[in-house]
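Following: one structure in structure tokens, then a few remarks.
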Amino acid sequence: MANYYTDHPEIDFHLSHPLMKRLVELKEDGFKDAEEFDYAPVDHEDAIENYRRILDITGDVAANVIEPNSESVDLEGPHLENGRMIYASKTFENLDVTRKAGLYGVSMPRRYGGLNLPSTIFSMMSEVISASDAGFQNIWSLQSCIDTLYEFGSEEQRAKYIPRICAGETMSMDLTEPDAGSDLQRVMLKATFDEKENCWRLNGVKRFITNGDSDIHLVLARSEEGTKDGRGLSMFIYDKRNGGVDVRHIEHKLGIHGSPTCELTYKNAKAELCGDRKLGLIKYVMALMTGARLGIAAQSVGVEQEAYNEGLAYARERAQFGEKIINFPAVYDMLARMKAKLDAGRSLLYCTSRYVDIYKSLEDIARFRKLEPDERAEMKQYSRLADAFTPLAKGMNSEYATQNAYDAISIHGGSGFIMEYKSQRLYRDARIFSIYEGTTQLQVVAAIRYVTNGTYLQVMRDMMASTPDGALKSRVAPLIDLYEQAVNYVKEQGNQEVHDFLARRLYDMTAEIIMSLLIIDDANRSPEMFEKSANVYVRMTEEDVCAKAYYVMHFTEADLDNFRAK
């Protein structure tokens, strides 16, 4: 029987990373839960085995329920009925099965009924579910919004809402509006305090809200009258049981048809303040975005894997000119690049997830005791690394998902353009990944300060120092020097427009060098699994970094005129 976890041992490989020891130790905080919960792990090995059991269940459900339902969900999609969103028929089945399998409350502490799993395991589950149906992964993975409520809400709110999510209720984050997409400072949904009822009331419109008719919403709204920027925004909790929000429209989209994208009207809807006033955008949305962007990176890797699977299977079966097309250089070149992008992108995803886990676990421990000086330093270190790596993981994997899906269609030839083949759906689904939760261009904006302040360069140097000598390492070394020259060249121009124009190329170079070093490390630990991908990916990086460095270092302010729209 198929299993989307055990069928891909590359996922399990990342459970053996050396940093997992520290990650599990912090997440379990000395394995104290074992004293209260008989299902809590008692040591590291027990925790890893527990992770494998949960991933095995997820892989089984993904392969044998969600994937077989995916075509039906894509064709039917959700619909609108009397102001309510109704899921596609098979989506209800997916929800029922994942609830019965206990795949909710993944990251929440056991005292609230959660599984207390690290972000790394949540990312693995997200990848597996996305490979079966990226649209359903959206609905399922939005449970991670509860992390923000757990982090910033009151204990009363935690006790009220977290058990409901652990039981399988759904969530959404209601941020964007018709006039506020990437620029969330323009959010105008109005929040006013109702003195008589001792609650907040929300009025206005939200647009492009994924899973917008969910059970529990986190809502960004303007609480400070007369303000027009981010300092006037607060975060609120809206419970669907209280009414006051209707679905005005469900978007008809290119892909991810099973994931409802709704326009909502708030009409005096009752809500609770989450955390402190005025910190909705400045602090809480930023926390939401970290989780959301990591979720899109995992979603992307799942589609990268499935696109590769589809292309490989077709190439092995399809014959032309008396030979299987997998033997044609043009085809096996595409497949090798697809696999290299997949393996390197997955390595970046789980590297980032581990960084998030370590600093988040230390933050959680700090709720109950004062951290030691070395723990505070560790939290600061990994928080910075997580902040630097998240835009790389989201941006690069979302682009790779589109590229792999595109190549899967190319391998299929004319059949890839036919709706009966899965490749076309993967391509349609993948296209949104580099747009929502921050476009790739916004990931560049988030990452570029770490380019110019030398953070990524130091990361590269540190990774090089810990990498055993070898042929691939020696090929990456001159690329780092070339990268440093390109960064310094842009900084020396002293022109912000030139800096902004070239930022995407510097971003790509940064990510490709770091991913090269990650996949080299993977190949050193498991050559039989990753040696081919490491060789292919380093060659791709050489090709791209050399070309981009040449472009960057021959670009001047005068060249901008050739690109400006007339």
Side-chain angles (χ1 to χ4, degrees), residues 9-23 120 297 301 336-337 339-359 378 381-382 384-393 395-397 400 447 450-451 453-488 506-546 548-549:
E10 296 90 343
I11 303 173
D12 188 76
F13 166 82
H14 289 281
L15 290 177
S16 66
H17 190 278
L19 206 54
M20 287 296 295
K21 187 80 174 177
R22 179 60 173 156
L23 184 161
T120 303
V301 171
R337 286 171 176 264
K339 185 62 161 63
K341 291 172 186 175
L342 165 62
D343 287 338
R346 179 183 279 132
S347 195
L348 178 61
L349 166 65
Y350 295 128
C351 174
T352 307
S353 297
R354 290 189 293 268
Y355 293 160
V356 169
D357 274 323
I358 290 177
Y359 97 83
E378 184 181 24
Q381 174 195 359
Y382 283 103
R384 183 175 177 83
L385 284 170
D387 194 50
F389 271 59
T390 298
L392 300 183
M396 294 304 292
N397 276 301
Y400 282 173
Y450 294 115
V451 174
N453 70 13
T455 296
Y456 290 128
L457 182 61
Q458 187 58 53
V459 167
M460 294 173 194
R461 300 292 189 206
D462 291 344
M463 293 174 75
M464 285 288 284
S466 63
T467 301
D469 290 339
L472 291 181
K473 177 182 176 180
S474 66
R475 286 165 60 180
V476 174
L479 301 181
I480 297 175
D481 293 336
L482 195 58
Y483 166 79
E484 184 176 15
Q485 293 171 34
V487 172
N488 287 336
L506 296 178
Y507 168 94
D508 287 344
M509 294 165 69
T510 300
E512 287 159 358
I513 292 172
I514 287 174
M515 281 192 282
S516 290
L517 291 168
L518 287 171
I519 195 68
I520 289 171
D521 181 65
D522 293 346
N524 285 335
R525 293 197 295 125
S526 182
E528 71 283 357
M529 201 176 291
F530 297 109
E531 189 171 37
K532 285 187 175 181
S533 283
N535 275 280
V536 172
Y537 197 83
V538 169
R539 186 169 293 279
M540 289 166 54
T541 299
E542 288 173 324
E543 176 185 26
D544 207 39
V545 168
C546 290
K548 283 187 166 68

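Note that the structure is predicted; figures quoted are calculated from it, not measured.
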Run the numbers on Glu484 and Ile480 for side-chain contact (heavy atoms from CB on, under 4.5 Å), then give the verdict.
CA-CA 6 Å; Glu484 184 176 15; Ile480 297 175; 5.7 Å; no

Show, in sequence, the C-alpha distance, side-chain angles and deciding distance for Glu512 and Met396, and conclude whether the side-chain contact (heavy atoms from CB on, under 4.5 Å) test is met.
CA-CA 9 Å; Glu512 287 159 358; Met396 294 304 292; 4.2 Å; yes

Intermediate values then yes/no, side-chain contact (heavy atoms from CB on, under 4.5 Å), Glu10 and Lys339:
CA-CA 11 Å; Glu10 296 90 343; Lys339 185 62 161 63; 3.4 Å; yes

Assess the residue pair Asp462 and Gln458 against the criterion (side chain to side chain donor-acceptor pair (under 3.5 Å)); give the C-alpha distance rounded to whole Å, side-chain angles, the decisive distance to 0.1 Å, and a yes or no.
CA-CA 6 Å; Asp462 291 344; Gln458 187 58 53; 2.8 Å; yes

Just do the side-chain contact (heavy atoms from CB on, under 4.5 Å) check on Arg539 and Glu542 with the steps written out, would you?
CA-CA 5 Å; Arg539 186 169 293 279; Glu542 288 173 324; 4.3 Å; yes

With salt bridge (charged side-chain N to carboxylate O under 4.0 Å, His left out) as the criterion, how do Arg461 and Asp481 come out once you've worked through the C-alpha distance, each side chain's angles and the decisive distance to 0.1 Å?
CA-CA 10 Å; Arg461 300 292 189 206; Asp481 293 336; 3.4 Å; yes

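Contact of the Asp387 side chain with the Tyr450 side chain is registered, since non-hydrogen atoms from C-beta on lie closer than 4.5 Å. Within the 4.5 Å cutoff, side-chain heavy atoms of Thr541 are placed close to those of Ile513. When side chains are defined from C-beta on, Thr510 does not count as touching Tyr507, because their heavy atoms never get closer than 4.5 Å. Within the 4.5 Å cutoff, the side chain of Val538 has heavy atoms near those of the Ile520 side chain. At least one side-chain heavy atom of Leu392 sits under 4.5 Å from a side-chain heavy atom of Leu348. Residues Phe389 and Val356 are not in side-chain contact: their nearest non-hydrogen atoms beyond the backbone lie 4.5 Å or more apart. Between Leu517 and Lys473, the closest side-chain pair of non-hydrogen atoms is not below 4.5 Å.
To the nearest 0.5 Å, atoms CE (Met460) and CE (Met463) are separated by 9.0 Å. Within the model, atoms CZ of Arg354 and NE2 of His14 stand 7.0 Å from one another, a figure rounded to the nearest 0.5 Å. Expressed to the nearest 0.5 Å, how far CG of Leu342 lies from CG of Leu349 amounts to 10.5 Å. The CG atom of Leu385 lies 9.0 Å from the CD1 atom of Ile358; values are rounded to the nearest 0.5 Å. To the nearest 0.5 angstrom, Asn524 atom CG is 10.5 Å from Ile519 atom CD1. With rounding to the nearest 0.5 Å, the separation of CG in Leu479 from CG in Asp544 is 10.5 Å.
Counting all heavy atoms, side chain and backbone alike, Ala344 lies closest to Met515 at O-SD, 3.7 Å. Contact between Ile514 and Tyr456 at its shortest, heavy atoms only, is CD1-CD2, 3.9 Å. Contact record, Tyr483 with Leu506: CE1-O, 3.9 Å, taken as the closest heavy-atom pair. Considering all non-hydrogen atoms of both residues, Cys546 and Leu482 come closest at CA-CD2, 3.9 Å. Contact between Tyr350 and Thr120 at its shortest, heavy atoms only, is CE2-O, 3.9 Å.
Aromatic ring orientation, Tyr537 versus Tyr400: perpendicular (interplanar angle above 60°, classes split at 30° and 60°).
Among residues two or more places apart in sequence or in another chain, the side chain to side chain donor-acceptor pair (under 3.5 Å) test is passed with Glu543 by Arg337.
Within the 3.5 Å criterion, the main-chain N or O of Val301 finds no donor-acceptor partner in the side chain of Asn397.
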Sequence neighbours left out, cut at 3.5 Å: what donor-acceptor pairs do the side chains of residues 528-535 make with other protein atoms?
| from | atom 1 | to | atom 2 | distance (Å) |
| --- | --- | --- | --- | --- |
| Glu528 | OE2 | Ser526 | OG | 2.9 |
| Ser533 | OG | Asp343 | OD2 | 2.6 |
| Asn535 | ND2 | Glu531 | O | 2.9 |

